Number of protein chains: 2
Amino acid sequence: MTGSRPTGDELVEVLAALSNPLRLRIVATLAGGRDYVSHLARVIGVSRPLLHMHLQRLEAAGLVVGSLELSEDGKAMKYFEVADFDFTLTPSALAEAVLTLTTADQKRGPAREEPS
Amino acid sequence: MTGSRPTGDELVEVLAALSNPLRLRIVATLAGGRDYVSHLARVIGVSRPLLHMHLQRLEAAGLVVGSLELSEDGKAMKYFEVADFDFTLTPSALAEAVLTLTTADQKRGPAREEPS
DNA sequence: TTCACATGTAAGAATTCTCTTACACGTGTA
DNA sequence: TACACGTGTAAGAGAATTCTTACATGTGAA
């Protein structure tokens, strides 16, 4: 992962995933060790459904990895851990990533302005 | 700027500013040289008011710098250029930034769930 | 059976983001 | 005067994000 060259779309997804204080806190907490959802929710102090949603976003971006495991007493536990990502944000790195942006170019239409 | 240690709040603002395809494209385009708003809007293919808004967001995050200049024929031209930022995104870098998150801790209240 | 604990997900409200349209101002030139 | 070009900004619609509440499932122990 270190020094990877993400595509524009991947980069946007990663940045969007990390541009939220709570999600940043989740990654930071998991950087201290893996944890399962319910416990992590109590540690961070958010509701479990909310944490579940944010973890989904982080996992979709490839920043955390989850695995469903069975504890000794038979409970289904979903453990999450951080992926060891390494992204560099510089003007030239962004310029390179933009080359591979698909972006479905919004729904922006004619783009002419102030038609007089 | 290179190798800077942003505060959590700064980092969130930077990431939010870059987590948009159009803004990424703006930074990438400006990385190729400074330009003024109206021309940049034509180059990228978006309306000037829209570009204006995105440039504000990028400038607020410190990623681009604008300067109002007077052209030879007396027109007010606002030129923008990229700041030479360099952010590293790794789990430990994020963990460090999170320590300085103020975040006004959302409006999340009791955070107890499924009250039975 | 009931409780405590784990999981997942759907519905709705409140807020924020994105974008268009429309207005304001200024200058130099035809 | 009218046009072409530059600037800024405000109002509103539509879409996406964020969060709560409420429901569903499962296990083991009292």
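If you're wondering where the values come from, they're calculated on a predicted model, not measured in any experiment. Every heavy atom of this structure was used, including side-chain atoms; hydrogens, water molecules and symmetry mates were not. Throughout, a chain's letter reflects where its sequence line sits, starting with A, and its residues are numbered from 1.
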S.K.: For B/D73 and D/dC3, what is the distance between atoms CG and P respectively, to the nearest whole Å?
M.R.: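 After rounding, the gap between these two atoms is 20 Å.
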S.K.: Apply ring pair (Phe, Tyr, Trp, His ring centres under 6.0 Å) to B/Y36 and list each qualifying residue two or more places apart in sequence or on a separate chain.
M.R.: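 So B/Y36 forms a ring pair (Phe, Tyr, Trp, His ring centres under 6.0 Å) with B/H39, B/Y79.
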S.K.: For the pair made of CG in A/L15 and P in D/dT17, what is the distance, rounded to whole Å?
M.R.: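 Those two atoms, CG and P, are 14 Å apart.
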S.K.: State which of D/dT21, D/dG6, D/dT9 makes the closest approach to the side chain of B/H52.
M.R.: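 Nucleotide nearest to B/H52's side chain: D/dT9.
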S.K.: Would one find a side-chain N or O of A/R57 under 4.0 angstrom from OP1 or OP2 of D/dT17?
M.R.: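 Yes, A/R57 has a side-chain N/O under 4.0 Å of OP1/OP2 on D/dT17.
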S.K.: Measure from the side chain of B/K78, starting at C-beta and using heavy atoms only, and say which of C/dC17, D/dG6, D/dG8 lies closest.
M.R.: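 Closest of the options to the side chain of B/K78: D/dG8.
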S.K.: Reckon A/S47 has a side-chain N or O less than 4.0 Å from the OP1 or OP2 of D/dT20?
M.R.: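 For A/S47, the contact criterion (side-chain N or O under 4.0 Å from OP1 or OP2 of D/dT20) is met.
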S.K.: Between P on D/dG6 and CG on B/L51, what's the gap in Å once rounded to a whole number?
M.R.: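 For the pair B/L51 CG and D/dG6 P, the rounded distance is 12 Å.
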S.K.: Would you kindly give the CZ-to-P distance between A/R48 and D/dA22, to the nearest whole Å?
M.R.: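 Whole-Å distance recorded here is 15 Å.
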S.K.: So if I take every side-chain heavy atom of A/N20 and compare against C/dG28, D/dT18, C/dT7, which nucleotide ends up nearest?
M.R.: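 The closest nucleotide is D/dT18.
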S.K.: Using whole Å, what does the distance between atom P of nucleotide D/dA16 and atom CE of A/M53 come to?
M.R.: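 Taking atom P of D/dA16 as the reference, CE of A/M53 is at 15 Å.
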S.K.: Applying the side-chain contact (heavy atoms from CB on, under 4.5 Å) criterion to A/M53, which one of A/L50, A/L55, A/L51 satisfies it?
M.R.: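 When side-chain contact (heavy atoms from CB on, under 4.5 Å) is applied between A/M53 and each of A/L50, A/L55, A/L51, only A/L50 qualifies.
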S.K.: Is any side-chain nitrogen or oxygen of A/Q56 closer than 4.0 Å to OP1 or OP2 of C/dG8?
M.R.: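 The answer is no; no side-chain N or O of A/Q56 sits under 4.0 Å from OP1 or OP2.
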S.K.: As a test of reading the structure: which of C/dA6, C/dG28, C/dT9 is closest to the side chain of A/M77, going by heavy atoms?
M.R.: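 Of all the options, the side chain of A/M77 is nearest to C/dA6.
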S.K.: Considering only residues two or more places apart or on different chains, which pairs with a residue in residues 90-102 of chain B satisfy salt bridge (charged side-chain N to carboxylate O under 4.0 Å, His left out)?
M.R.: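 Listed by first then second residue: B/R5-B/E96.
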S.K.: Roughly, in whole Å, what's the span from NZ in B/K75 to C1' in D/dC3?
M.R.: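 Answer to the nearest Å: 11 Å.
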S.K.: In whole Å, what is the span from the CZ atom of A/R23 to the P atom of D/dC19?
M.R.: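 Going from CZ in A/R23 over to P in D/dC19 covers 8 Å.
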S.K.: What closest approach, in Å, do A/A76 and A/L70 show between heavy atoms, and which atom pair accounts for it?
M.R.: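 That would be CA-CD2, 3.9 Å.
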S.K.: Looking at the side chain of B/L68, which of D/dC19, D/dT7, C/dT18 is the nearest nucleotide?
M.R.: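 Comparing D/dC19, D/dT7, C/dT18 against the side chain of B/L68, the answer is D/dT7.
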S.K.: Measure from the side chain of B/H54, starting at C-beta and using heavy atoms only, and say which of C/dC19, D/dC19, C/dG28 lies closest.
M.R.: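 Taking heavy atoms from C-beta onward, the closest nucleotide is C/dC19.
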S.K.: Determine whether a donor-acceptor pair (N or O, by modelled atom type, separation under 3.5 Å) exists between the side chain of B/T100 and the backbone of B/G8.
M.R.: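 Indeed, once roles are kept as given, a pair shorter than 3.5 Å links the two residues.
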S.K.: Among C/dT9, C/dT21, D/dT7, which is the nearest nucleotide to the side chain of B/Y36?
M.R.: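 The closest nucleotide is D/dT7.
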S.K.: Can you identify which nucleotide, out of C/dA10, C/dA22, C/dA6, has its nearest atom closest to the A/R42 side chain?
M.R.: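 Nearest to the side chain of A/R42 among the choices is C/dA6.
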S.K.: Rounding to a whole Å, what distance do you find between B/I44:CD1 and C/dC19:P?
M.R.: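 Rounded to the whole Å, the gap is 12 Å.
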